[in-house]
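Reading through the structure tokens given below for one structure.
One is the number of the first residue; the rest follow in order along the sequence. Whatever order the structure lists them in is the order used to number ligands and atoms, beginning at 1.
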Amino acid sequence: MGAGYTAPMQDRPTDPTLKLLLEALALAPDNAPLRMHVATAMEKAAQPRDALSHFERLLGDRALGDDAGLGAARCALSLGELDRALGFVNAVLTSVPEHAMGLLLRARVHERRNEHRDARRDYERAVQLDPELADTKLWDALLPSREEPDGAVGKEAETGPREGVTFADVGGLDDVKERIRMRIVLPFQKPDLFAAFGKKGGGGMLFYGPPGCGKTFLARATAGECGAHFVSVGLHEVLDMWIGNSERQLHAIFEDARRRAPTVLFFDEVDALGMQRAKLVTGAMRGVITQFLAELDGFASRNEKVLVLGATNTPWDVDSAFRRPGRFSQVLFVPPPDRPGRAQILKLKLAEKPQGPMDFLRLAEVTEGWSGADLENLIDAAAESAIGKSLASGKVEPITMPMLEAARARLRPSTREWFGTIRNHVQFANESGQYDEAADYMRRHNLM
Ligand SMILES: Nc1ncnc2c1ncn2[C@@H]1O[C@H](COP(=O)(O)OP(=O)(O)OP(=O)(O)O)[C@@H](O)[C@H]1O
Ligand SMILES: [Mg+2]
């Protein structure tokens, strides 16, 4: 961590106390409490960028962890770097889940990210733990407003066109990315060109595949490629809330997406609707599904700058009505990463961490069948060893190949089970060829 740190020599502190503190720190750079002092003083002096670099240095040195983590999160928040802020505060809450200040801070971060439901949950817990933390202004901002019920229902995350990930952050999956680019991104960006060749826009794409292989991540990256807002709707959550006035809420989510266009509207766990339909008991649920399909059809005909994507682990639970033209008419298999893909994912995920010499191809060779999420776990496990070693030695120890190999021997890949489940569907329920891509993958990998 210390490597990426640039000493804020250029600071021109106007505050004389701060100037003194900085001079002292230059003489004793390893004095963690002093650096904490400096960081806090800078934060107070409205220099969040410099303060953040000191907090990060403390984190890198594993000194004053929680306080440094919260300081870093506060600074990132005030800089508007919301993903980073969330990362910092989550790290604190992972080590101390009931950290009241941490929860309050995370509530603020969620509020800024328009994730009001998460914000309310964190805020309520924080105040339960420490009533002194009550902040009526924040709470008012979190109360469902006139506009919010539509926006907030079941919505997980939302990013502006400039933030967020793109295909460059997705390791491997070159074919998948190319297909999305041709079938989705380009028609979205150049509808007129496609229309000239008789290709209609509209119609969403449904991603399916084993867990942890990047369906959700790809949807977010697709929004990044399109330069569009990303709105993610977790259908399981939404459906719970919807017994009652559901259609209106669903319509509001679509309307909201239209208003913010260009938007990628992403429905995670689309199978939730299919399953509910199979178990259909109430007329109310039928109404929701009808409404959902009508909204999709509306998009197809109006050709608006809203792209609808969906993802599922269990495509066989998704009702065939969803796959008609103009709805989720395109189905795309998102496979586990291949060897070069795994090497790239490992490289991407290790990029920000202290590391020794790496042989990514060798690691990729011994992780056949590992998902992106599995590879992330592998790195986490190795990072824990490095942290343990650092604590023992008192300096930052990098992640090494032997640490990764040891972690690999302990962990198991998670995609096999899924292929076990889909096998029957591929063999006996693939009349329309919807699982051809999965079948092809399974044949090539001796999974059938
Ligand atoms: N190809 C990839 N490149 C980079 N990161 C990846 C890739 N695949 C997965 N990941 C990482 O793994 C995490 C989990 O992936 P993601 O949530 O997108 O999987 P998923 O297919 O949606 O899984 P699920 O079916 O469980 O919802 C992501 O947050 C991402 O960091
Ligand atoms: Mg997912």
May I ask you to check if ligand 1 and [X] share an N or O to N or O distance below 3.5 Å?
X: V170; answer: no
X: G209; answer: no
X: D268; answer: no
X: I345; answer: no

Tell me, please, whether F188 has K305 positioned over its six-membered ring: NZ or CZ under 6.0 Å from the ring centre and within 45 degrees of its axis?
-> yes

In short, ring-ring contact (aromatic ring centres under 6.0 Å, His included) pairs touching residues 394-423 with sequence neighbours left out are F419-Y441

Can you tell me the protein heavy atom closest to [atom] and the distance?
atom: atom 14 (C) of ligand 1; result: A373 CB, 4.0 Å
atom: atom 19 (O) of ligand 1; result: G214 N, 3.2 Å
atom: atom 13 (C) of ligand 1; result: E376 OE1, 3.6 Å
atom: atom 17 (O) of ligand 1; result: T216 CB, 3.9 Å

Presence of salt bridge, [Y] and [X], under 4.0 angstrom:
X: E56; Y: R84; value: yes
X: R113; Y: D83; value: yes
X: E295; Y: R258; value: yes

With a cutoff of 4.0 Å, is [X] in contact with ligand 1, counting heavy atoms of the residue only?
X: G212; result: yes
X: D169; result: yes
X: K349; result: yes

E124: side chain to side chain contact (heavy atoms under 4.5 Å, CB included) partners, not counting sequence neighbours = W139

Partner set under side chain to side chain contact (heavy atoms under 4.5 Å, CB included) for M358, not counting sequence neighbours | L350, Q355, F360, I399, M401, L404

Should E255 and R260 be marked as a salt bridge (Lys or Arg N to Asp or Glu O under 4.0 Å) after you check the CA-CA gap, both sets of side-chain angles, and the distance that decides it?
-> CA-CA 9 Å; E255 272 303 312; R260 289 159 196 265; over 6 Å; no

Judged on heavy-atom distance to [atom], which of [options] sits nearest?
atom: atom 6 (C) of ligand 1; options: F217, W418, F167; value: F217
atom: atom 25 (O) of ligand 1; options: V165, N313, L218, L173; value: N313
atom: atom 3 (N) of ligand 1; options: G171, C213, S414; value: G171

Can S53 and D50 be counted as having a side-chain donor-acceptor contact under 3.5 angstrom?
-> no

Between the side chains of D317 and T312, does any donor sit under 3.5 Å from an acceptor?
-> no

Could you pull out the N/O/S protein atoms under 2.8 Å of the Mg ion (ligand 2), ignoring any water?
-> T216 OG1

Step through it carefully: locate the ring centre of F230, locate the ring centre of F217, and say whether they are under 6.0 Å apart.
-> no

Strictly under 6.0 Å, is that where the ring centroids of F267 and F292 end up?
-> yes

Going by the order shown, which atoms of ligand 1 are within less than 4.0 Å of some heavy atom of P211?
-> 23 (O), 24 (P), 25 (O), 26 (O)

Under 3.5 Å, is there a donor-acceptor pair between the side chain of R342 and the main chain of A364?
-> yes

